[in-house]
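If you read the sequence from its start, that first residue is 1, and numbering goes on from there. Whatever order the structure lists them in is the order used to number ligands and atoms, beginning at 1.
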Amino acid sequence: MDLGQPVLFVSFVVVTGATAGIGKAYAHELAKRGLNVVLISRSLEKLKQVAAEIEEQHGRSTRVIQMDFTEGSESYEPIRDALQGLEIGILVNNVGMNVPLPLRFLDLPNIDKYIPDFVNCNILSTLKMTQIILPQMVARKKGIVINISSILARRPMPLQQIYAASKTFLDLFARGLDREYRSKGIIVQSVLPAVVDTNMTPKYAKCGKIPADVFAHKALNTVGLTNRTSGTLMHSIQWLLARTLLPQWLQFSSVGITLVFFFHKIVMRQD
Ligand SMILES: NC(=O)c1ccc[n+]([C@@H]2O[C@H](COP(=O)([O-])OP(=O)(O)OC[C@H]3O[C@@H](n4cnc5c(N)ncnc54)[C@H](OP(=O)(O)O)[C@@H]3O)[C@@H](O)[C@H]2O)c1
C-alpha cells in the first residue's frame, strides 16, 4: 500500500520511541513517503536532532514531544494537549524496554520499581496512545495503527518471560482491535520482528540482523496486505528456523532453560 498517497489524505504520523532503532526508521520511512511526523521519546536533544534530520532529508514537518513512558497514566495529558488539532493518520506504537538477559522473574533488578516501569512502558503506552488517537481516526473512517511486538511473542520465553508476555499482549491487542475497527476503515497491524540491528539488540546476536531502515521499509510495504507480519521474509525464515532448531519441548525443559542461561552468560562475557 502506498502510505503517502490520497488513500490516507491525512498529514501526521505519531511514533513512540522515535529517536533510535526501529521507531526512528519508521519515522524516516513514513516521512519519505510524504507524511509529517510527531516524534515521542525521553531525550529532547535526540528528538530535536531526529526532527531536524527528517525536515532536512524529506522536507516534511515535525513535532516533538518529550515523554518518559515508564510513567503512569496521569502523564498523558501533555501528549493529548500537544496532539490537539493535528490530523493523525498513522500511530506507530513502538516504544518498549527489554529485560537484561538472562533472568528468572524474581531475579529482575530492583523488581518493585521494575514491574510498574515495565508495564507502563511496554503495555500502558500502547493502550493510552491508542485511546488518545483512535477516536479521530474512527471519526474520519480512516487510519492505521501499528504495534511493534516481537518474535518472542510467539511463545512463552523462560528467562525473558515478562518481555515475551508484554509483546504477546501487544500482538493480541492489535489483532482484536483490527477485528473491531476494520469495518470502520481502520487497519491495525501487529509486527513481530526477529533481530533488527538497534541499541536494544545484544551485540552477540549477529546472525540475520537486519538494518532498521531496511526493516521499516519492508514492513511498511506489508501494511494493508496483512494484519500480522514478521516484517520481512528474512524474519519469517528466522522464526521458522528458531522453532525448528529449538523445539518447545526442549526450550521448556529444565535442561533447555539451563542451556539457554549458560549460553547467554558465555556469549555475553565475550561481548
Ligand atoms: N531490536 C530488535 O531486534 C527488536 C526485535 C523485536 C521487537 N523489537 C521492539 O521494537 C521496539 C523498538 O526497539 P529498538 O530495538 O528500536 O530499541 P532502541 O534502538 O533501544 O530504541 C528505543 C527508542 O525508544 C525510546 N525509549 C526507550 N525507553 C523509553 C521510555 N521509557 N520513554 C520514552 N521513550 C523511550 C528511545 O529514546 P530515548 O532513549 O531518547 O527515550 C529510543 O528512541 C521495542 O518495542 C522492541 O521491543 C525490537
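What sits closest to atom 7 (C) of ligand 1 on the protein, heavy atoms only, is S149 O, 3.1 Å. Looking from atom 17 (O) of ligand 1 to the surrounding protein, the closest heavy atom is M200 CB, 3.7 Å. For atom 1 (N) of ligand 1, the closest heavy atom belonging to the protein is T198 OG1, 3.0 Å. Looking only at heavy atoms of the protein, atom 40 (O) of ligand 1 is closest to T19 OG1, 3.2 Å. Summary of contacts: the protein heavy atom closest to atom 27 (C) of ligand 1 is R42 NH2, 3.3 Å. Among protein heavy atoms, atom 31 (N) of ligand 1 sits closest to D68 OD1, 2.9 Å. For atom 48 (C) of ligand 1, the nearest non-hydrogen atom of the protein is I22 CD1, 3.6 Å. Among all non-hydrogen protein atoms, the one lying nearest atom 35 (C) of ligand 1 is V95 CG2, 3.4 Å.
The shortest N/O to N/O separation between A20 and ligand 1 falls below 3.5 Å. Among the atoms of I151, none of the N or O lies under 3.5 angstrom from an N or O of ligand 1. Of the N or O atoms in V196, one or more lie within a sub-3.5 Å distance of an N or O in ligand 1. Polar contact with ligand 1: present for N94 (N/O pair, distance under 3.5 Å). Remark: ligand 1 and I40 share no N or O pair separated by less than 3.5 Å (distance only, no angle test).
Near G17, with a cut-off below 4.0 Å to any heavy atom, the atoms of ligand 1 are 23 (C), 24 (O), 25 (C), 43 (O). Each of the following atoms of ligand 1 lies closer than 4.0 Å to a heavy atom of A18: 43 (O). For ligand 1, the atoms sitting less than 4.0 Å from at least one non-hydrogen atom of V195 are 3 (O), numbered in the order shown with element in parentheses. Within the listing of ligand 1, atoms 31 (N) sit less than 4.0 angstrom from a heavy atom of T70.
Counting only distance, with no hydrogens or angles, the side chain of T222 and the backbone of L225 share no donor-acceptor pair below 3.5 Å. A distance-only check finds a donor-acceptor pair linking the side chain of T16 to the backbone of V95 [under 3.5 Å].
Atom CG of N94 is separated from atom OG1 of T126 by 9.0 Å, given to the nearest 0.5 angstrom. Taken to the nearest 0.5 Å, the CG atom of N122 stands 10.5 Å off from the OG atom of S150. Atom CD of residue E53 and atom OG1 of residue T19 lie 10.5 Å apart, to the nearest 0.5 angstrom.
Of the candidates S230, S150, A194, G21, the one placing a heavy atom closest to atom 4 (C) of ligand 1 is A194. Among Y163, F69, F118, the residue whose heavy atom lies nearest to atom 47 (O) of ligand 1 is Y163.
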For this session: Evaluate the side chain to side chain contact (heavy atoms under 4.5 Å, CB included) criterion for residues R63 and V37: first the C-alpha distance (whole Å), next the side-chain angles of each, then the deciding distance (0.1 Å), finally the verdict.
Result: CA-CA 6 Å; R63 306 272 194 285; V37 187; over 6 Å; no

For this session: Before giving the answer on side chain to side chain contact (heavy atoms under 4.5 Å, CB included), spell out for I148 and L170 the whole-Å C-alpha distance, their side-chain angles and the decisive distance to 0.1 Å.
Result: CA-CA 8 Å; I148 306 297; L170 294 191; over 6 Å; no

For this session: Verify side chain to side chain donor-acceptor pair (under 3.5 Å) between Q189 and R228, making sure each step is shown before the conclusion.
Result: CA-CA 6 Å; Q189 188 188 54; R228 190 173 192 239; over 6 Å; no

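The closest approach between a heavy atom of N98 and any atom of ligand 1 is not below 4.0 Å. Contact analysis puts K167 in contact with ligand 1, with a non-hydrogen atom separation below 4.0 angstrom. Using a 4.0 Å cutoff on heavy atoms, M67 counts as a contact of ligand 1. Contact analysis leaves S125 out of contact with ligand 1, as no non-hydrogen atom separation drops below 4.0 angstrom. Using a 4.0 Å cutoff on heavy atoms, A25 does not count as a contact of ligand 1.
Note on ring orientation: taking the six-membered ring where Trp is involved, the planes of F118 and Y163 are perpendicular (angle over 60°, cut-offs 30° and 60°).
Salt-bridge formation is detected for the pair R175/D171: a Lys NZ or Arg NE/NH1/NH2 atom is positioned less than 4.0 Å from an Asp or Glu carboxylate oxygen.
The protein does not reach atom 22 (C) of ligand 1 closely, with no heavy atom under 4.0 angstrom from it.
The proximity of A212 to ligand 1, defined as any non-hydrogen pair under 4.0 Å, does not occur for either the backbone or the side chain. Contacts between K46 and ligand 1, counted as non-hydrogen atom pairs separated by less than 4.0 Å, involve the side chain only.
At most 12 non-hydrogen atoms from other residues, nucleotides or ligands lie less than 6.0 angstrom from NZ of K32. For Y76, the OH atom sits in a packed shell: over 12 heavy atoms of surrounding residues, nucleotides or ligands are nearer than 6.0 Å.
Shortest non-hydrogen contact noted between R33 and H217 is NH2-O, 3.1 Å. Contact between D197 and P211 at its shortest, heavy atoms only, is CB-CA, 4.2 Å. The two residues M137 and G143 have their closest heavy-atom pair at SD-CA, 3.8 Å.
Put simply, I65 and L127 are part of the same group of oily side chains (I, L, V, M, F, W, Y) that touch within less than 4.5 Å, one to the next.
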